[in-house]
Each structure stands twice: as C-alpha cells, then as structure tokens.
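Scroll down for the structure; my scribbles are underneath it.
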Amino acid sequence: MDGLLIFAHGARDPAWAAPFQAIAAELQARRPDLPIALAYLELMTPDIATAAGALAARGCQRIQVVPMFLGASGHVRRDVPPLIEALRAAHPGILFLLHDAIGEQRSVIAAMAAATLHLVEAARIPVDPLDTQAFPSSP
C-alpha cells in the first residue's frame with residue numbers, strides 16, 4: 001500500500017499551517033483510500049519521523065514524500081535528503097520516494113501565474129487609498 005507524506009517547513013505561528021492542512025484535506029477528499037500524513041521540518045509537529053512512523057503503522061510499503069517548498073532551497077537540498085536516509089534506516093522494509101519541491105512543478109507554476117493574473121485583473125483602482133475592497137483576495 002502507498003502512503004503520502006506532505007512535508008512543509010513549519011513556523012512559530014500556528015495559522016501558517018492552515019494552507020498545508022487544507023491541501024492535506026483536499027487530497028484526502030480526492031483520494032480517501034490513500035493514507036496521508038502532514039509533517040514539518042521545524043517548529044511544528046509532527047516531525048517527519050513521527051509522520052512516517054504513522055504511515056508505516058498503517059501498513060504503507062511505499063511512502064512518497066512531497067516537499068511543500070516553492071523551490072529547491074537549502075532545506076530541500078541539504079536537510080531533507082539526510083532525513084529521508086534516516087527514514088530508510090528506521091524502516092528498512094519501506095520504499096521512500098522523495099519528489100522535487102512542489103513549487104518546481106510546471107502545473108504549480110502555471111496555477112500560481114493564473115492566480116496572480118486573477119488578482120491583478122480583478123483589482124480596481126481605489127478612489128480612497130484606505131478602500132480595502134479594492135484588492136479582493138479570492139474570486
């Protein structure tokens with residue numbers, strides 16, 4: 001059985017995790033048969049070892065790790081590979097597949113460009129500079 005481990009950076013502010021939790025919920029709604037875990041590199045829990053352990057406990061034999069980073073930052077290049085190697089050592093019967101950073105996927109780049117254009121095209125020039133309705137945040 002496959003499992004999916006969504007791996008984000010983490011932050012001190014708990015609200016920062018909301019988009020990642022929404023992504024996990026959307027994925028789970030689309031694929032209720034796929035065990036999914038969300039983990040963080042730092043400052044939040046669970047960490048990657050705990051999340052991978054939970055997927056292993058659910059019987060996952062192959063765990064795909066998707067870094068929720070916009071680019072191949074120092075964390076993705078330097079910190080993540082040793083974490084994956086530690087997971088492989090801790091769970092020798094499980095295949096861990098590390099994907100490229102999500103922000104490097106062509107579909108994500110296209111979606112972010114489209115969302116940016118939507119914001120720009122939907123904005124109206126405010127007469128009153130304090131008019132907060134001039135820049136809608138969503139469609």
Side-chain angles (χ1 to χ4, degrees):
M1 172 172 38
D2 275 11
L4 172 60
L5 199 158
I6 302 166
F7 190 53
H9 186 275
R12 286 182 178 81
D13 182 355
W16 177 90
F20 303 100
Q21 293 164 341
I23 290 168
E26 178 71 21
L27 287 166
Q28 198 66 80
R30 291 183 186 201
R31 287 287 310 273
D33 60 313
L34 179 65
I36 297 173
L38 175 58
Y40 302 97
L41 177 64
E42 59 187 14
L43 303 172
M44 299 182 113
T45 59
D47 63 12
I48 196 168
T50 302
L55 290 171
R58 291 181 64 185
C60 296
Q61 294 299 308
R62 184 171 78 160
I63 297 174
Q64 298 192 49
V65 180
V66 178
M68 290 285 151
F69 291 76
L70 285 179
S73 65
H75 285 309
V76 173
R77 286 192 317 268
R78 287 188 316 266
D79 300 334
V80 176
L83 292 171
I84 299 301
E85 288 306 315
L87 294 176
R88 289 177 177 143
H91 305 280
I94 297 175
L95 175 62
F96 286 90
L97 300 173
L98 176 61
H99 290 277
D100 291 335
I102 197 70
E104 296 180 346
Q105 305 304 310
R106 182 70 197 125
S107 60
V108 173
I109 293 167
M112 291 177 75
T116 300
L117 285 176
H118 173 77
L119 290 172
V120 169
E121 292 165 359
R124 61 180 172 80
I125 304 298
V127 175
D128 177 355
L130 300 177
D131 180 3
T132 60
Q133 298 301 311
F135 302 101
S137 61
S138 62

Give me the atom names and distance for the closest heavy-atom approach of [X] to [Y].
{"X": "Gln28", "Y": "Leu34", "result": "NE2-O, 3.0 Å"}
{"X": "Ile23", "Y": "Met68", "result": "CD1-SD, 4.2 Å"}
{"X": "Gly3", "Y": "Cys60", "result": "CA-SG, 3.6 Å"}
{"X": "Ile36", "Y": "Ala24", "result": "CD1-O, 4.3 Å"}
{"X": "His99", "Y": "Pro67", "result": "O-CD, 3.3 Å"}
{"X": "Gln105", "Y": "Asp100", "result": "NE2-CB, 3.7 Å"}

If hydrophobic clusters are built by linking Ile, Leu, Val, Met, Phe, Trp and Tyr wherever their side-chain heavy atoms come under 4.5 Å apart, do [X] and [Y] end up in the same one?
{"X": "Leu27", "Y": "Leu55", "result": "no"}
{"X": "Ile102", "Y": "Tyr40", "result": "yes"}
{"X": "Met44", "Y": "Ile48", "result": "no"}
{"X": "Ile94", "Y": "Ile6", "result": "no"}

Side-chain heavy-atom pair [X], [Y] within 4.5 angstrom cut-off:
{"X": "Val65", "Y": "Ile84", "answer": "yes"}
{"X": "Asp2", "Y": "Leu4", "answer": "no"}
{"X": "Val66", "Y": "Leu5", "answer": "no"}

(request) For atom CG of Leu70, decide whether the heavy atoms of other residues, nucleotides or ligands shown that lie under 6.0 angstrom number more than 12. (result) no
(request) Kindly check if the number of other-residue, nucleotide or ligand heavy atoms within 6.0 Å of CE (Met112) is above 12? (result)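 Counting other residues, nucleotides and ligands, CE of Met112 stays at 12 neighbours or fewer.
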(request) Evaluate the ring planes of Phe69 and Phe7, with Trp represented by its six-membered ring, and classify them as parallel (under 30°), tilted (30 to 60°) or perpendicular (over 60°). (result)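 Taking Phe7 first and then Phe69, their aromatic rings sit tilted (interplane angle of 30° to 60°).
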(message) Which label fits His91 and Phe96: parallel for a plane angle under 30°, tilted from 30 to 60°, or perpendicular past 60°?
(response) tilted
(request) Kindly indicate, with the supporting measurements, whether the criterion side chain to side chain contact (heavy atoms under 4.5 Å, CB included) is fulfilled by Leu38 and Gln21. (result) CA-CA 8 Å; Leu38 175 58; Gln21 293 164 341; 3.9 Å; yes
(request) Go through Leu83 and Asp47 one step at a time and tell me if the side chain to side chain contact (heavy atoms under 4.5 Å, CB included) criterion holds. (result) CA-CA 10 Å; Leu83 292 171; Asp47 63 12; over 6 Å; no
(request) Apply side chain to side chain contact (heavy atoms under 4.5 Å, CB included) to Ile63 and Leu95, showing your working. (result) CA-CA 6 Å; Ile63 297 174; Leu95 175 62; over 6 Å; no
